[in-house]
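Here it is, the structure in full.
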Amino acid sequence: MVKLTRRLAVYVGSLLVLISLYTLTYRWGMAVYEGESRTWYQSLELVVQSMTTTGYGQDAPWETLEMTALVLLVQVTGIVYVAVAIPQFVVPWLETLVQPTPPEEIDRIEDHIVVVGYTALCDTLVEELEAEETLYVILEDDEDRARQLYEDDRVVLYGDPTSDDTLEAASLEAATAVVVDATEREFVSTVLAIEGRDPAAQVFVLVTDPERARYFRYAGVDEVLSPKHRLGKALGDRVRTIIAPAPEGEVTLGEEVDLTEFYVDPDAELFGEAMAATRELEETGATVVGAWLRGDFVTELSEHAHVDENTSLLVAGTESVLEAVADRAGSSGSPYRPTEEPVVVVGAGLVGRTAAGTLERAGLETTVVDRESDEIVDVVGDATEEETLLDAEIEDAGTIVLALEDDDEAILVALTASALNPALEVLVGATTAGSVRTLRAAGADHVLALPNVAGRMIALRAFDRETMPLSEQLQLRQVAAAGLAGSEVEPATIREETDCIVIGLVRGEEYRSDVHRTRLDEGDSLVIAGTDDQIDRFRETYADE
């Protein structure tokens, strides 16, 4: 709006100067060349008539070339000014008339989430809130941003978040939590205003620079969250093994059963659906063991989270069954692989440093590569160059983690690393969700986008949701279930009572992946997945008659 006003001022000012100049010139020209005198207002009238193409009155036609040329110039100038005015001023003005005005008041609400400073990092949070029908309101003091959010059907309140009136309109005292996204703008004064109005408010703040976290803590914030730190930890966790190796002598899965990870293609019907909807894949006879959901491995497929580009499903089944899953997921899938060492981490910023620390604490051999020398950097150089990756012994590595600030650079490194070691597992932390597809096309096996990881982090904190600790790895076991002999297998009931996931049934030399309502005979055993405690609970419940 300010730019439009400035343009309008320049336009009107230049137009007035030009009309004045033409008026003086026309009056002088009529006296000199036509031999007829005109008053200044007669000259002004003719100039305006000519520029607006409304006519010339008694002065037309002119007898001299000079006056004819002058009038032609006035006419052309008028047309040009009209042509400029339409796109520069008329159209924008009409747009302002039809543009929706972001609301400055909303209906009274409670048990909601207040979001201050909405950016892409909050997209996932808002999607989860809408999925579970939790109320929220976004406070935005920038009119253009507020209007855009309003047009995108977000619940937005336009106003100064430090103002008592705005906080009152947002029903602050009745809110479950306040999320302040301070990754792009400074909101310390807003936090102080919130704490001053409602000291009991549960406030979470997102920051890019952990050095600034202390100021928000001083202001009374409950928790300061670092999305980049969370992304780094998620990348480190993604490398670690989630299916524990079988103890020596333990009966495990036969060769009939494979574990495969599937991404859901954006064009597939399941993309964008609730995670619980992925259970539809079990209609093929497969079993969804769990899923990597924006950095967390979960076995509970919730209605509150949705399948997106950062989601991969861990599915168990026979080869033919998994082919049917691939058709419905829209991706070929890749065999599940346990952790493969050594691990090369490219990037020593906050994301890379956190990922490397997570891997080292897990006891994994790690090599860190960065352009700048640092105490944690093992190889200094440009990772887009083959020589640098060879110095990091990429040919002998099992996994590479790309934690770079630039997604375009990550694409080049992924291409180079995959060319040097085709068997390498490539994990990438992307700065934008829009880069995920390109990174996968460049050879990345798994990609986590910062906005999606950040949104899930906020949701976990705000609602105290739990994820499976990686210290509690899943076990896949073939277990006798004499207590179920003669009855029909109900996987849902077994899971409800023991938390174990039924994957299949072994009867003699035969393996069956679809076991729902299958009658269990003496000597049959079930293939199940669960933690040590869950499998012990299964044995206690079903091992004996």
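Just so it is clear, the model here is predicted, and its values are computed rather than measured. If you read the sequence from its start, that first residue is 1, and numbering goes on from there.
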ask   = Step by step, would you call Arg238 with Ser312 a side-chain hydrogen bond (donor to acceptor under 3.5 Å, both in side chains)?
value = CA-CA 11 Å; Arg238 191 67 174 79; Ser312 65; 3.2 Å; yes
ask   = At their closest point, which heavy atom of Val221 faces which heavy atom of Val203, and how far apart are they?
value =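 Heavy atoms of Val221 and Val203 come nearest at CG1-O, 3.4 Å.
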query = Which pairs pass salt bridge (charged side-chain N to carboxylate O under 4.0 Å, His left out) with one or both residues in residues 186-196, sequence neighbours excluded?
reply =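 Listed by first then second residue: Glu186-Arg212.
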Side-chain polar contacts of residues 271-281 - donor-acceptor pairs under 3.5 angstrom, sequence neighbours left out - could you list them?
from, atom 1, to, atom 2, distance (Å)
Thr278, OG1, Met275, O, 2.6
Arg279, NH1, Glu282, OE2, 2.8
Arg279, NH1, Val288, O, 2.9

inquiry  = Using the rule side chain to side chain contact (heavy atoms under 4.5 Å, CB included), only one of Leu402, Val369, Asp382, Thr388 pairs with Val413; which is it?
reply    =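 It is Leu402; the other options fail the test.
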task = Would you name the heavy atoms of Gln534 and Gly530 that are closest together and state the gap between them?
result =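 Looking at all heavy atoms of both residues, the closest pair is OE1-CA, 3.2 Å.
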message = Tell me the closest heavy-atom pair linking Val115 and Cys122, and the distance in Å.
response =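 The pair with the smallest heavy-atom distance is CG1-SG, 4.0 Å.
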Side-chain donor-acceptor distances from residues 102-110 under 3.5 Å, at least two apart:
from, atom 1, to, atom 2, distance (Å)
Arg108, NH1, Ser171, OG, 3.4

ask   = Should the pair Arg154 and Tyr118 be classed as cation-pi, given the thresholds of under 6.0 Å to the six-membered ring centre and 45° from the axis?
value =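 Geometry flag: not set, cation outside 6.0 Å or 45°.
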query = Does anything in residues 400-413 pair up under salt bridge (charged side-chain N to carboxylate O under 4.0 Å, His left out), and if so which pairs, sequence neighbours excluded?
reply =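 Every pair satisfying salt bridge (charged side-chain N to carboxylate O under 4.0 Å, His left out) with a residue in residues 400-413: Lys228-Glu405, Arg371-Glu409.
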request  = Evaluate the side-chain hydrogen bond (donor to acceptor under 3.5 Å, both in side chains) criterion for residues Asp533 and Thr531: first the C-alpha distance (whole Å), next the side-chain angles of each, then the deciding distance (0.1 Å), finally the verdict.
outcome  = CA-CA 5 Å; Asp533 290 342; Thr531 64; 5.3 Å; no
ask   = For Glu269, does the CD atom sit with more than 12 other heavy atoms under 6.0 Å from it, leaving out its own atoms?
value =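 Atom CD in Glu269 is not crowded, with 12 or fewer foreign heavy atoms closer than 6.0 Å.
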request  = Please list, chain by chain and in numerical order, all residues satisfying side-chain contact (heavy atoms from CB on, under 4.5 Å) with Ser163, sequence neighbours excluded.
outcome  =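 Once residues adjacent in sequence are excluded, the partners of Ser163 under the side-chain contact (heavy atoms from CB on, under 4.5 Å) criterion are Asp160, Asp165, Thr166.
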task = Heavy atoms only: give me the nearest Phe262-Leu322 pair and the separation to one decimal.
result =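 Where Phe262 meets Leu322 most closely, the heavy atoms are CZ-O, 3.7 Å.
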task = Could you note down all residue pairs passing salt bridge (charged side-chain N to carboxylate O under 4.0 Å, His left out) where residues 344-361 supplies at least one of them, sequence neighbours left out?
result =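 Listed by first then second residue: Arg353-Asp374.
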inquiry  = A side-chain contact here means heavy atoms from C-beta on lying under 4.5 Å apart; do Asp198 and Ile194 qualify?
reply    =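 SC-SC contact between Asp198 and Ile194 ruled out.
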request  = Test Gln148 against Asp152 for side-chain hydrogen bond (donor to acceptor under 3.5 Å, both in side chains), laying out the working first.
outcome  = CA-CA 6 Å; Gln148 184 60 56; Asp152 292 340; 3.2 Å; yes
query = Which pair of heavy atoms, one from Val207 and one from Pro227, lies closest together, and at what distance?
reply =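 Minimum heavy-atom separation between Val207 and Pro227: O-CD, 3.2 Å.
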key: Shortest non-hydrogen contact between Gly290 and Phe297, atoms and distance   =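 The answer is CA-CZ, 3.8 Å.
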